[in-house]
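Structure record follows, encoded as structure tokens.
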Amino acid sequence: MTRHENGFERFTQARSVPALLLAAVLGGCGAGSEGAEPSDVASEPGTQALASCTPLCNGACTPIQLAQGSGLDRPVFPFGPFVYYAGAINYEANYSYFGQATQQANSGVLLAQRLWYPPTFLTNGTSAYALFRNPSNSQFSHFNEITRDGRVLPVPGFNTSRSTSIPAVDATKFYALDLSDESVWSQPLTGGAWTQATRPIANVAGRSVHVDDTHLYIVADNVAQGQSIIWKAPKQNGATPTRFVSLPGSLVSLTSDATDLYFVDRTGGLYKASKSSGAVTQLASTATNLSVAVDAERYYWFNGSALTATCKNGGGAQVLTTVSSSALTRTPEILSVDANGVYWRGSGATWRIAK
């Protein structure tokens, strides 16, 4: 069983997809649900097509380039007035970088170069953090808080005695998935001792961990059975995770809103699962990238070459822009969203569309 230290297999080739018929009517959100299809897993009862959500950018979105970098794309992360991005010239050690941009065009500046690995960005909605797997050749510590005025400050007392390659944060704690037995451990965000948050999971390979106000969600592959499973556990008292969602293949890019989990698989399936029941709805089968992002009204994904915003209420989908096929590297977390815009990484560049 192969384990990957960053929680994901690394893909750098674009996935070939059939040509899409992107009709002009998709310029607005009321154009029908591009890429959506009935669930072949389990659909949630009582779902109705409601009025369309209001089109973004008044129906005519214009991307702007915030920064240009080299090599392979890694996550993009908006926080406060800034946008943080990372990349790698290649996946060998000592060839990664970390940058910051404002919301304005061509505003990117590199904060660090020749890092061993790109940083991992984390947020609990209020605070933000940058985690460096090997900070020895940079001015940053292992775990750093990103302040709203753009500073990156070490978190004192952070305990590095455990692997932190697959992390998550909530309002008070830092969580890490232990790849030796797929248990989750936590420590205070202010630093301190590790505490076991969940019991081990047998015979699986962990991919990611996600946290909300009450629960932890662990994505792990059962290679022998050809399944990817989302396990769920309360955050307190070292609980034993329970099998919550099971699907064929391998799931990545887990994110959530108040009621649902959203994720994609490596074959282009885009799904949501109810946090309360675990019922799964397949939203699309044509996702060409491993990333999905959500806000209160929409989920955002790459439908072929089309960066698409789909209304959660069933009102339709809006094509925000099209990107070149070479930009669609199969890397998780290169798509992000906040109240002001939609952000993505592609072909070494960092892009923004103002909502």
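On a predicted model such as this, the values are computed, not experimentally measured, just so you know.
At least one donor-acceptor pair under 3.5 Å links the side chain of S141 to the backbone N or O of F143. With hydrogens and angles ignored, the 3.5 Å screen pairs a side-chain donor or acceptor of Q100 with a backbone N or O of G150. No donor-acceptor distance shorter than 3.5 angstrom exists from the side chain of E182 to the backbone of A220, with no hydrogens or angles considered. Judged by distance alone, the side chain of K235 and the main-chain N or O of D213 form a donor-acceptor pair under 3.5 Å. In this structure a side-chain-to-backbone donor-acceptor pair under 3.5 Å is missing from S277 to S274. The closest donor-acceptor contact from the side chain of Q139 to the backbone of L111 lies under 3.5 Å. With S256 contributing its side chain and L261 its backbone, the two residues share no donor-acceptor pair below 3.5 Å. The closest donor-acceptor contact from the side chain of Q187 to the backbone of N159 lies under 3.5 Å. Checking side-chain atoms of S291 against main-chain N and O of I334 turns up a donor-acceptor pair under 3.5 Å.
Every residue meeting the ring-ring contact (aromatic ring centres under 6.0 Å, His included) condition with F132, not counting sequence neighbours, appears here in chain and number order: F98, F140. The salt bridge (charged side-chain N to carboxylate O under 4.0 Å, His left out) search around R199 returns none, not counting sequence neighbours.
In this structure, N58 places its CG atom where only 12 or fewer heavy-atom neighbours from other residues, nucleotides or ligands lie under 6.0 Å away.
Between K355 and N340, the closest side-chain pair of non-hydrogen atoms is not below 4.5 Å. Between L189 and S127 there is no side-chain heavy-atom pair separated by less than 4.5 Å. Two residues are said to be in side-chain contact when any heavy atoms from C-beta on lie closer than 4.5 Å; V219 and F263 fail this criterion. Taking the side chain as every heavy atom from C-beta outward, L247 and D265 never approach each other to under 4.5 Å. Residues L335 and V342 meet the side-chain proximity criterion, which asks for heavy atoms closer than 4.5 Å. With a 4.5 Å cut-off on side-chain heavy atoms, R133 and T164 do not count as touching. Residues R207 and V252 form no side-chain contact, since every pair of their non-hydrogen atoms from C-beta on lies 4.5 Å or further apart.
Between the side chains of R345 and T350, a donor-acceptor pair is found at a separation under 3.5 Å. Residues T310 and T308 have side chains that never bring a donor and an acceptor to within less than 3.5 angstrom of each other.
A distance of 8.0 Å separates NZ in K272 from CG in D257, rounded to the nearest 0.5 Å. In this structure, the separation between CD1 on I201 and CG on D181 is 9.0 Å, given to the nearest 0.5 Å. Here the OG1-CG distance, from T198 to L216, works out to 6.5 Å after rounding to the nearest 0.5 Å. A distance of 7.0 Å separates OG1 of T214 from NZ of K275, quoted to the nearest 0.5 Å. Between Y300 atom OH and L320 atom CG the span is 7.0 Å, to the nearest 0.5 Å. The CG atom of L66 sits 8.0 Å away from atom OH of Y343, with the distance rounded to the nearest 0.5 Å.
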Hey, can you pull the donor-acceptor pairs under 3.5 Å for the side chains in residues 238-245, sequence neighbours left out?
residue : atom : partner : partner atom : Å
T242    : OG1  : K232    : O            : 3.3
R243    : NH1  : Q227    : OE1          : 3.3
R243    : NH1  : S246    : OG           : 3.2

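Ring-plane geometry between F77 and F79 is classed as parallel, the angle between the planes falling under 30 degrees on a 0 to 90 degree scale with a further cut at 60. Below 30°, between 30° and 60°, or above 60°: for W344 and F302 the angle between ring planes is above 60°, a perpendicular geometry.
Relative to the ring axis of Y97, R114 does not place its NZ or CZ within 45° and under 6.0 Å from the centre.
Annotation for A101 and G108: closest pair CB-CA, 3.8 Å, computed over non-hydrogen atoms. For the pair P63 and C61, the tightest heavy-atom approach, listed with the atom from each and the gap, is CD-O, 3.9 Å. Heavy atoms only, all atoms of each residue included: G87 and P118 are closest at O-CG, 3.8 Å. Q318 and G59 get closest at one heavy-atom pair: NE2-CA, 4.0 Å.
Looking at K312 and D260, no side-chain N of the basic residue comes within less than 4.0 Å of a carboxylate O on the acidic one, giving no salt bridge.
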Working for side chain to side chain contact (heavy atoms under 4.5 Å, CB included), residues W351 and L307: CA-CA 12 Å; W351 298 87; L307 174 57; over 6 Å; no

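Checked against a 6.0 Å centroid threshold, the rings of F174 and Y129 do not count as neighbours.
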